[in-house]
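Worksheet for the structure shown next.
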Amino acid sequence: MTSNIVLIGFMGAGKSTIGKRLAEGLSLNFCDSDERIEEVAKTSIANIFELQGEEYFRSLEYKVLSELIQLSGAVISTGGGAIMNKELFDLLLSKGLVIYLDATIETLFERLKDSSNRPLLFGNDPLGQMKKILKLRQPEYMKAHYTIQTDNKGEDEIVGAILAIIRDNIKANKFTLLNNTIL
Ligand code: S3P
């Protein structure tokens, strides 16, 4: 039985914001894989991409997430591309309740258009780039245990939907809250 919640989804899906809120509400630890990577590498994600390249970033992402998922009682927000590593995604699926925060490309673009820390979107056609990447990733995201459509939903509503999923999983003996928080 798992005690971790793993949030997956495209850049701009709200994984970190929602993850933080959820962890606070449930008194669980919150871990953000991108933050942890920056701590380990002692530099920003943008710098890692620029100086060492995406492949090196992916190796750090694999290392960090495969360590974080060994925790118990954590909310883990992943970088948008982590699920493209099959071995890593399988590990996340086996050790966590994996929730996909889904949104349309229009919503994602609206949330990301002023972002300056997403190296994959640095080119001169970020929307085209987003469409291309999302098309490749969508079938993987859909392998999550649950999908939540986030368009036009506020944070409270999204957190509420996740809490409902957790409650169902506790009842079905598939999830345990280690700290006895009452939901
Ligand atoms: C990436 C998403 C980013 C970060 C890196 C690569 C991706 O995280 O890991 O820039 O491949 O989609 P967010 O999804 O938190 O923006």
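Note that ligands are numbered from 1 as they come in the structure, with each ligand's atoms numbered from 1 the same way. In this chain, numbering begins with 1 at the start of the sequence shown.
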### Query
At the 4.0 Å heavy-atom cut-off, does R137 count as touching ligand 1?
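Yes, R137 has heavy atoms under 4.0 Å from ligand 1.
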### Message
So, 4.0 Å and heavy atoms of E38: is ligand 1 close enough to count as a contact?
### Response
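Contact absent.
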### Task
Rounded to the nearest 0.5 Å, what's the gap from CD on E38 to CG on L60? Could you check?
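Here the rounded value is 11.0 Å.
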### Message
Take a 6.0 Å sphere around CD of E50 and say whether it holds more than 12 heavy atoms from other residues, nucleotides or ligands.
### Response
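No, CD of E50 has 12 or fewer neighbouring heavy atoms, counting only those of other groups under 6.0 Å.
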May I ask you to check if ligand 1 and [X] share an N or O to N or O distance below 3.5 Å?
X: T78; result: no
X: G9; result: no
X: R118; result: yes

### Query
Y146 and D168: side-chain donor and acceptor closer than 3.5 Å?
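No, no side-chain donor-acceptor pair sits under 3.5 Å.
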### Side-chain H-bond candidate by donor/acceptor type, T104 with D151, under 3.5 Å
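There is such a pair (donor and acceptor under 3.5 Å, judged by atom type) between the side chains of T104 and D151.
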### Query
Counting N and O atoms only, with roles assigned by atom type, does the side chain of S3 sit under 3.5 Å from a partner on the main chain of G73, one being a donor and the other an acceptor?
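Yes; at least one donor-acceptor contact below 3.5 Å.
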### Message
Using modelled atom types and a 3.5 Å cut-off, is there a donor and acceptor pairing between side-chain atoms of T2 and backbone atoms of K95?
### Response
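Looks like yes, one N/O pair under 3.5 Å.
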#### Entry: Closest approach of K153 to Q149 (non-hydrogen atoms, all atoms of both residues)
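Closest approach of K153 to Q149, heavy atoms only: NZ-O, 2.5 Å.
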### Query
How are the rings of Y141 and Y100 set relative to one another: parallel (under 30°), tilted (30 to 60°) or perpendicular (over 60°)?
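Answer is parallel, since the angle falls under 30°.
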### Query
Using 4.0 Å as the upper bound for N to carboxylate O, is an ion pair formed by R21 and E24?
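Here E24 does not pair with R21 in a salt bridge, since their nearest N and O are not under 4.0 Å apart.
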Would you mind listing which atoms of ligand 1 come within a distance below 4.0 Å of any non-hydrogen atom of [X]?
X: G79; value: 8 (O), 9 (O), 14 (O)
X: P119; value: 10 (O)
X: I45; value: 5 (C), 10 (O)
X: L120; value: 7 (C), 11 (O)

### Minimum non-hydrogen distance to atom 11 (O) of ligand 1, winning option of E35, R58, M11
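The option holding the nearest heavy atom is R58.
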### Task
Name the option, out of I133, I83, L101, D34, that contains the heavy atom nearest to atom 9 (O) of ligand 1.
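Nearest heavy atom to atom 9 (O) of ligand 1 lies in D34.
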### Task
Heavy-atom distances under 4.0 Å are what count here, so tell me which part of N117 touches ligand 1: side chain, backbone, both or neither.
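Answer for N117: neither.
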### Message
Considering non-hydrogen atoms of the protein only, which is the closest contact for atom 14 (O) of ligand 1, and what is the distance?
### Response
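Checking every protein heavy atom, the shortest distance to atom 14 (O) of ligand 1 gives K15 NZ, 2.5 Å.
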